[in-house]
Novice: 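Before I ask anything, here is the structure I am working with.
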Amino acid sequence: MTVLTNTTAVIVTYNRSAKLMKVLDALERQSLSLDTILIVDNASTDDTQDRVEAYAKDMPVIRYLRLPENVGGAGGFHEGIKAAYMQGAHYIWVSDDDAYPEPDALQKLQEAIIEFEDSYQWRPSFACSRVEWTDGSLCEMNTPHPVWDWARFVRPGKAWALVDSCSFVSVLIPRWAVKEHGLPIADYFIWFDDAEYTRRLSRSYPGIFCPESRVTHDTPDNRGVNFGLVNDKSLWKFKYGARNETSFRRREQGFPGVVAYIYSVHQQMKKGRIPWKLRWKIFRSILRGMAFRPKIQNV
């Protein structure tokens, strides 16, 4: 059997050229060579374009896609996955511009998908890495969500747990899954685009978590998504998250799912003693989410 392995890495970036260069260094060291590295630039205003183009002179697999405006992480991943698919990639490796993979991270993901398919006659809809923070601990915001029978195929040395969602930090997506389920929702702009997309892919079959594939996520701190952490500075992101997840729950779970979500958000903000002026803004975003119905674009 011929195994198709043409792989494109999709990295979405915005004004973080120094970290992006470290990502390119890590991609250059991969034990499994990439066929294409697609840098999707959300109209950065720093020196990103100059530095990527300079790097590409010694690394010809790099392609640079500059978007006319900042469409957020969601819009960037939408455009990047679409471009990689249209260019014929068999696998699309998606990640942020501040995530540094170990040299064998891609190889471990691809080997896991291929071996899983051969062994169990199921096609995982994606494979995701263990994402660590800068001190080596688990990066809380990038923890994949397991399904009820997550341990069904876990074996010594191959702890491939079944998961139905993960973040856009080192996730390998096969071409068939994009063809079958379409692209990430660009209208989300930021937050919950990765969770929605991987849950959509999981309709075919869950993804697999591959702890032997490791990535360091260079975030300022190691905190998960919790509405008890809302403050004036982060409010804009949480508002997107509230709107987007409400829209998803209305679509997938109906009104009971939205009510459960409102209760969960309320409890988190209450426990975090969030000022009421911020709580009301989050609740208004949830109301907007009930009427927010972005379209899913197919390829």
Side-chain angles (χ1 to χ4, degrees), residues 1-13 20 23-24 26-42 49 52-53 55-68 71 73-97 99 101 104-118 122-129 166 168-186 193-194 197-198 200-205 207-208 210 213 295-299:
M1 180 178 69
T2 299
V3 178
L4 302 176
T5 58
N6 184 318
T7 302
T8 293
V10 172
I11 310 296
V12 176
T13 190
L20 179 62
V23 172
L24 291 177
L27 297 183
E28 191 174 23
R29 291 194 296 266
Q30 288 300 299
S31 56
L32 186 66
S33 298
L34 284 152
D35 296 276
T36 304
I37 297 172
L38 178 60
I39 305 300
V40 182
D41 186 353
N42 257 325
Q49 181 168 357
V52 171
E53 289 177 347
Y55 205 109
K57 291 178 181 177
D58 296 322
M59 199 172 179
V61 297
I62 292 177
R63 299 289 182 272
Y64 177 71
L65 173 60
R66 181 177 176 82
L67 301 180
V71 292
F77 287 118
H78 173 98
E79 294 298 332
I81 292 174
K82 180 169 65 176
Y85 182 88
M86 294 304 178
Q87 292 168 6
H90 302 135
Y91 290 97
I92 302 170
W93 190 24
V94 177
S95 203
D96 275 343
D97 60 354
D104 59 354
L106 172 61
Q107 182 177 350
K108 296 296 186 183
L109 289 177
Q110 198 166 98
E111 288 178 351
I113 282 187
I114 293 171
E115 185 173 340
F116 191 97
E117 289 181 3
D118 287 344
W122 288 99
R123 297 189 302 180
S125 53
F126 59 86
C128 57
S129 301
C166 71
F168 280 161
V169 175
S170 189
V171 53
L172 185 66
I173 304 169
R175 180 181 182 83
W176 68 263
V178 179
K179 181 179 182 181
E180 196 161 316
H181 297 286
L183 299 166
I185 296 176
D193 51 317
D194 43 12
Y197 188 56
T198 47
R200 191 166 8 120
L201 299 182
S202 298
R203 291 174 180 169
S204 293
Y205 195 73
I208 52 175
C210 306
S213 172
K295 291 183 178 179
I296 294 173
Q297 183 177 329
N298 296 317
V299 291

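Sequence positions, counted from 1, serve as the residue numbers for this chain.
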Novice: For Ser125, which residues count as a side-chain hydrogen bond (donor to acceptor under 3.5 Å, both in side chains) partner, sequence neighbours excluded?
Specialist: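 Ser125 satisfies side-chain hydrogen bond (donor to acceptor under 3.5 Å, both in side chains) with no residue once adjacent residues are dropped.
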Novice: Can you list everything that forms a side-chain contact (heavy atoms from CB on, under 4.5 Å) with Ala84? Sequence neighbours excluded, please.
Specialist: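 With sequence neighbours excluded, Ala84 shows a side-chain contact (heavy atoms from CB on, under 4.5 Å) to Thr8, Val10, Ala89, Ile92, given in chain and number order.
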Novice: Step through the shown structure and confirm whether more than 12 heavy atoms of other residues, nucleotides or ligands are within 6.0 Å of CH2 on Trp176.
Specialist: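 More than 12 heavy atoms, drawn from other residues, nucleotides or ligands, come within 6.0 Å of this atom.
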Novice: Would Ser129 and Leu109 count as a side-chain contact (heavy atoms from CB on, under 4.5 Å) if you check the C-alpha gap in whole Å, the side-chain angles of each, and the deciding distance to 0.1 Å?
Specialist: CA-CA 7 Å; Ser129 301; Leu109 289 177; 3.5 Å; yes
Novice: Looking at residues at least two apart in the chain, or sitting in another chain, which of them share a side-chain hydrogen bond (donor to acceptor under 3.5 Å, both in side chains) with Gln87?
Specialist: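 Once residues adjacent in sequence are excluded, Gln87 has no partner under the side-chain hydrogen bond (donor to acceptor under 3.5 Å, both in side chains) criterion.
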Novice: Is a side-chain N or O of Arg29 found less than 3.5 angstrom from the main chain of Pro101, in a donor-acceptor match?
Specialist: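 Absent.
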Novice: Taking it one step at a time, do Asp41 and Val52 satisfy side-chain contact (heavy atoms from CB on, under 4.5 Å)?
Specialist: CA-CA 10 Å; Asp41 186 353; Val52 171; over 6 Å; no
Novice: Examine distances only and state if a side-chain atom of His78 and a backbone atom of Ile185 form a donor-acceptor pair shorter than 3.5 Å.
Specialist: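 Checking the backbone N and O of Ile185 against the side chain of His78, no donor-acceptor pair under 3.5 Å is found.
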Novice: Scan residues 74-94 for pairs that pass salt bridge (Lys or Arg N to Asp or Glu O under 4.0 Å), counting only residues two or more places apart or in two chains.
Specialist: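 Counting only pairs at least two positions apart or across chains, the salt bridge (Lys or Arg N to Asp or Glu O under 4.0 Å) contacts touching residues 74-94 are Glu79-Lys82.
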Novice: Name all residues meeting the side-chain hydrogen bond (donor to acceptor under 3.5 Å, both in side chains) criterion together with Tyr55; count only those two or more places apart in sequence or in a different chain, and write none if there are none.
Specialist: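 If we apply the side-chain hydrogen bond (donor to acceptor under 3.5 Å, both in side chains) test to Tyr55, skipping adjacent residues, the hits are Asp25, Glu28.
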Novice: With no hydrogens and no angle check, is any side-chain donor or acceptor of Arg63 less than 3.5 Å from a backbone partner on Thr36?
Specialist: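 The answer is no, because no donor-acceptor pair under 3.5 Å joins these two groups.
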Novice: Can you sort out the partners of Arg123 under side-chain hydrogen bond (donor to acceptor under 3.5 Å, both in side chains), two or more places apart, ordered by chain and number?
Specialist: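 Arg123: no side-chain hydrogen bond (donor to acceptor under 3.5 Å, both in side chains) contacts found.
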